Amino acid sequence: MEKMTQDQVRTIANMLRKRSLWMIHYCTGCGAMELPPTMTSRYDMSRLGLAPFVTSRQADILLITGYLNVKTLRRVITVYEQMLDPKYVIGFGSCALNGGVYWDSYAVIKQLDRYIPADLYIAGCMPRPEAIITAFQDLMDLIDSGKADGYKRYKRDLAYYKENQRKVLG
Amino acid sequence: MVSTILIAICVPLLAFAIGLTFIMFKLKITARVQRRYGPPIIQPIYNLLKLLLKEDNISHGVIFSLGPIIALAGSILAVFFIPIPGLNLLTGSGDLIALLYIMAIGSLGMALGAGNTANPNASIGISRALTLMFGYDLPLVIIVISVILQYHTTNLADIVAAQANGHWTLWTLPLSAIVGFVVTYGALGEHPFDIITAPHEVATGPMVEYGGKHLGFLMINHMFHIYIEIALFVDLFLGGASNLFWFYIKMFGVFFIMMLCDEVFLRFKIDDAVRFFWKWPTVVALISLIIVLVK
């Protein structure tokens, strides 16, 4: 009986969470250029309940917009760990997927998922605002079905992520 | 006894509901002015419930967690001092001057909480908040004195009663009413007076370290804050109202004009804002005070 109530609470909470996603406005690479048209009048992402926010404590989504330097990775990890559970990460563009055009660079990390858990990737260089909005809708579906569990994975496999982070950060 | 408890629960809920609907309309009005569709009308409810349902709630000490609650308690107390149609509540036991002091508790509670974090943005934000309060309190006190002199009473209920049959303070003391509007607008912290939260400069200022449940309480406090400021303006200058419907319509009218102003202005620097408040509103308020004294 108690388990059933807990499940119901979780379902309702997920339903509310997917309707109000606050995105931290933290830009790591050139992909951030596609965000202003997504936010403003042309594509208006606030229709879906999304809003840009400025501090990590208030935000729910972290967008890794494009390539991620080793130098920036340190800050991204700080920001990610400052965010409050439940939190979601979207890898944005082909650089976050596999390094993209920076695949042989010594200063850029190749695969985001080895350092912080990504819930979703958007392919393309650059992804258009339509693709970003589709990605947000997919993320909402994942949250609704309880599959967006990156923050749980980060807690469970902390040793793995910390090991990978230590390798590049030194 | 039972009715007293019922009133004590229902009046804050009513104030909260009015503030909530104002926030809903605010999002939609902003969107329409910017030629966007805008979020769903009940978006603030989703935001609030999401914040209250966060799994993680980081605290930086006892005072940090108590800050939003002190602010909220101060706001709820202030709600009881403002007469609403048909109910005078605590208006008889405290007057307009007491209310002015109680209204400051909200900012002070936030200052306590934000001061407990080590974040420099929070310190800058809270120093801006208190400086801005210092700025708009001078003209506010002058116009309150002129209203008190006009009606020979400090009791807010008597002031509302004296304005019955359309003898609004807006018509009898238009200069004070204009200053009152500017001061209320500054107290709400909309553009160009949004220096306190200025997301691009100090990253939402005092709220920078607040997230989850604490931020939820601060949002509720903000809804109460909107209600208190605008209800006080309506009671002082627009003659209160005979029933709740007209009270709401008057408040919404004031809020709507404020939201349209919010869309067209940029942001002051803090010294410019204080200079503005101490120049034009203060001079106009003093002229209004002299008019009342001569009359």
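On a predicted model such as this, the values are computed, not experimentally measured, just so you know. Here is the naming used below: chain letters follow the sequence lines, and residue numbers restart at 1 for every chain.
Taking CZ from A:Arg57 and CG from B:Asn119, the interatomic distance works out to 9.0 Å, rounded to the nearest 0.5 Å. Considering CD of B:Glu209 and CD of A:Gln58, their distance stands at 9.5 Å, rounded to 0.5 Å. Atom-to-atom distance recorded for A:Phe53:CZ and B:Met207:CE is 8.0 Å, nearest 0.5 angstrom. Note that CG of B:Leu49 is 9.5 Å distant from CE of A:Met15, once rounded to the nearest 0.5 Å. Distance check: B:Lys50 NZ to A:Asn14 CG gives 13.0 Å after rounding to the nearest 0.5 Å. In this structure, A:Ser46 OG and B:Lys28 NZ are separated by 8.0 Å, a value rounded to the nearest 0.5 Å.
Both the backbone and the side chain of B:Leu53 come within less than 4.5 Å of a heavy atom of chain A. With a 4.5 angstrom heavy-atom cutoff, A:Ser56 does not touch chain B via any of its atoms. If you measure heavy-atom distances from A:Ala59 to chain B, the contacts under 4.5 Å come from the backbone alone. Contact of B:Gln43 with chain A is made through the side chain alone, with heavy-atom distances under 4.5 Å. Looking at A:Thr55, the atoms closer than 4.5 Å to chain B (heavy atoms on both sides) all sit in the side chain, from C-beta outward. Of the two parts of B:Leu51, only the side chain, counted from C-beta on, holds a non-hydrogen atom closer than 4.5 Å to a non-hydrogen atom of chain A. Only the side chain of A:Tyr151 comes within less than 4.5 Å of a heavy atom of chain B; its backbone N, CA, C and O stay farther away.
Minimum interatomic distance between B:Gly38 and A:Asp44 (heavy atoms only, all atoms of both residues): N-OD2, 3.0 Å. Annotation for A:Leu16 and B:Tyr46: closest pair CD2-CD2, 3.7 Å, computed over non-hydrogen atoms. A:Ser41 approaches B:Arg36 most closely through the heavy-atom pair CA-CG, 3.4 Å.
Annotation: B:Lys213, atom NZ; neighbour count of heavy atoms from other residues, nucleotides and ligands within 6.0 Å does not exceed 12. Atom CZ of B:Phe256 has 12 or fewer neighbouring heavy atoms from other residues, nucleotides or ligands inside a 6.0 Å radius. The neighbour count for A:Lys162 NZ, taken as heavy atoms of other residues, nucleotides or ligands under 6.0 Å away, is above 12.
Side chains of B:Lys54 and A:Asp60 form a contact here, defined as non-hydrogen atoms less than 4.5 Å apart.
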